[in-house]
Protein chains: 2
Amino acid sequence: MADEDLGALFGRVVRRLMHAEQPVLREHGVSMWAYAALSSLAERPATSQVALAKAIGYDKTRLIALLDELAREGLVVREPDPADRRAHVVRLTPAGKARHAAIRAGIHAVEAELLGPLSAAEQRAFRAMLTRLASS
Amino acid sequence: MADEDLGALFGRVVRRLMHAEQPVLREHGVSMWAYAALSSLAERPATSQVALAKAIGYDKTRLIALLDELAREGLVVREPDPADRRAHVVRLTPAGKARHAAIRAGIHAVEAELLGPLSAAEQRAFRAMLTRLASS
DNA sequence: TATTGTTATACTCTATAACTATA
DNA sequence: TATAGTTATAGAGTATAACAATA
């Protein structure tokens with residue numbers, strides 16, 4: 001057990017998290033990437049599709065089919081940007097906002113269970129440090 | 001920034017870690033999974049290939065080609081288990097041990113840099129909590 | 001019957017290049 | 001010349017089923 005690599009530790013935790021989240025996502029009929037897109041758009045609309053792709057760390061070419069699907073379900077809309085007619089502003093519809101909120105509730109329950117082994121204070125500290133590592 | 005999902009935070013950190021580790025792995029001519037296998041075998045030999053696959057969270061059918069490659073390079077050996085003639089014990093050769101130690105040094109340098117934003121005490125606390133989350 | 005190592009196959013992801021329309 | 005959105009294609013990664021040998 002002597003000093004395991006960070007990569008191995010992260011791998012195990014992330015695999016466990018993804019496994020626990022999958023039933024929630026499937027229940028709401030969305031993929032992990034679809035949820036990532038909905039989350040980003042819930043925070044703020046995207047000024048372009050490339051901007052959205054970058055925000056969630058996804059490929060711009062794969063984002064297209066994803067947005068097609070979300071648009072078909074009426075969860076997002078693509079509006080041409082009057083200022084730059086190449087670009088599409090992407091935003092959530094009311095249905096998209098509602099869907100995101102519902103999924104997010106389920107996801108948060110799963111997260112709480114994953115962090116269960118830590119005390120409340122530890123959970124706050126862990127989250128804070130992880131946030132710093134993610135945005136440094 | 002309000003209370004981002006754990007999944008998004010982990011995703012960003014892990015992506016950054018993998019990106020930083022890639023040059024180290026490439027320099028030593030191994031894939032991420034090869035390094036995971038070497039690390040597990042450095043800890044202790046595997047009693048069977050399925051055991052190794054489970055230990056590193058990999059698929060047993062994909063592990064075969066990986067071990068073929070590592071064996072071709074003389075880093076691991078597969079020995080038939082006298083007690084169970086279906087199973088192969090997998091262990092590192094001296095060359096495998098040396099290769100693993102060399103890669104590990106590079107990986108640890110990358111990890112130290114990733115954790116740089118945290119103080120030494122925070123790094124210890126973070127690692128300890130991550131270990132608890134990984135093994136609970 | 002179940003399990004180990006293996007192969008084969010189908011499927012999903014992912015990366016790359018190229019095209020169009022704008023800028 | 002560069003960028004946004006898009007499409008097509010090739011390659012890598014993944015999952016599944018099946019098989020022979022052994023338990």
Side-chain angles (χ1 to χ4, degrees), chain A residues 7 11-12 14-19 21-23 25-26 29-37 40-41 44-72 76-91, chain B residues 7 11-12 14-19 21-23 25-26 29-37 40-41 44-72 76-91:
Chain A
R12 286 223 293 284
V14 166
R15 220 175 297 137
R16 170 173 310 190
L17 180 61
M18 284 176 58
H19 189 261
E21 288 183 348
Q22 238 163 1
L25 296 173
R26 178 155 28 222
V30 297
S31 68
M32 192 189 65
W33 286 115
Y35 176 65
S40 177
L41 295 174
R44 82 196 68 77
T47 57
S48 73
Q49 297 184 187
V50 260
L52 177 57
K54 205 182 219 171
I56 66 175
Y58 201 47
D59 189 281
K60 70 163 184 168
T61 67
R62 281 175 278 153
L63 182 61
I64 294 168
L66 181 57
L67 289 181
D68 287 348
E69 172 69 20
L70 293 176
R72 204 177 308 123
V76 308
V77 286
R78 281 186 267 211
E79 299 162 352
D81 180 350
D84 182 342
R85 284 171 25 220
R86 295 172 305 180
H88 293 175
V89 173
V90 187
R91 67 176 79 254
Chain B
R12 286 223 293 283
V14 166
R15 220 174 298 137
R16 170 174 310 192
L17 180 62
M18 283 176 59
H19 189 262
E21 288 183 348
Q22 237 165 359
L25 296 173
R26 178 155 27 219
V30 297
S31 67
M32 193 188 65
W33 286 114
Y35 176 65
S40 177
L41 295 174
R44 81 196 69 75
T47 58
S48 74
Q49 297 185 186
V50 258
L52 177 57
K54 204 183 220 168
I56 66 175
Y58 202 48
D59 189 280
K60 68 162 185 167
T61 66
R62 280 175 280 153
L63 182 62
I64 294 168
L66 180 58
L67 289 181
D68 287 349
E69 171 68 20
L70 293 176
R72 206 176 307 124
V76 308
V77 286
R78 282 187 265 210
E79 298 163 352
D81 181 351
D84 182 344
R85 283 172 23 220
R86 294 172 305 180
H88 292 175
V89 173
V90 187
R91 68 176 78 254

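Fair warning: this is a prediction, and the values are worked out from it, not measured in the lab. Residue numbering restarts at 1 for every chain, and letters A, B, ... go by the order of the sequence lines.
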Taking all non-hydrogen atoms of both residues into account, name the closest pair between Leu70(B) and Ala37(B) and its distance. CD1-CB, 4.4 Å

Any Asp81(B) side-chain heavy atom under 4.5 Å of Thr47(B) side chain: no

His19(B) NE2 - dA15(C) P separation (whole Å): 11 Å

Just how far, in rounded Å, is P of dT4(C) from CZ of Arg78(B)? 15 Å

Separation of Asp68(B) atom CG from dG5(C) atom C1', in whole Å? 11 Å

Contact span of DNA chain D against chain A, any nucleotide atom under 4.0 Å from a heavy atom, 5' to 3', runs dA2(D) to dT7(D)

Do Arg78(B) and Asp68(B) have side chains that get closer than 4.5 Å, going by heavy atoms? yes

Can you confirm whether Leu66(B) sits close enough to Arg62(B) that some side-chain heavy atom of one is under 4.5 Å from a side-chain heavy atom of the other? no

Considering only heavy atoms from C-beta outward, does the side chain of Leu41(B) approach that of Arg91(B) to under 4.5 Å? no

Write down the distance between CG (Leu52(B)) and C1' (dT4(C)), rounded to a whole number of angstrom. 14 Å

Distance, rounded to the nearest Å, where Lys54(B) contributes NZ and dT4(C) contributes C1': 13 Å

Examine the base of dT22(C) for any acceptor or donor lying under 3.5 Å from a partner atom in the side chain of Arg85(A), and report the outcome as yes or no. no

Is any side-chain heavy atom of Lys54(A) closer than 4.5 Å to a side-chain heavy atom of Val50(A)? no

By nearest nucleotide on DNA chain C, pick out whichever of Tyr58(A) and Asp84(A) is the more 5' one. Tyr58(A)

Would you mind reading off the distance between Leu66(A) atom CG and dT12(C) atom P, rounded to a whole angstrom? 16 Å

Within the structure, does a side-chain N or O atom of Arg62(A) lie under 4.0 Å from either OP1 or OP2 of dT16(C)? no

Return whichever of Lys60(A) or Pro82(B) has its heavy-atom-nearest nucleotide of DNA chain D closer to the 5' end. Lys60(A)

Heavy atoms of Ile56(A) and Trp33(A) approach each other most closely as O-CZ3, 3.3 Å

Report the distance from atom CG of Asp59(B) to atom C1' of dT4(C), rounded to the nearest whole Å. 14 Å

Find the distance His88(B):NE2 to dT6(C):C1' and express it as a whole number of Å. 10 Å

Of the listed nucleotides dT7(C), dT14(C), dT4(C), the one nearest the side chain of Thr61(B): dT7(C)

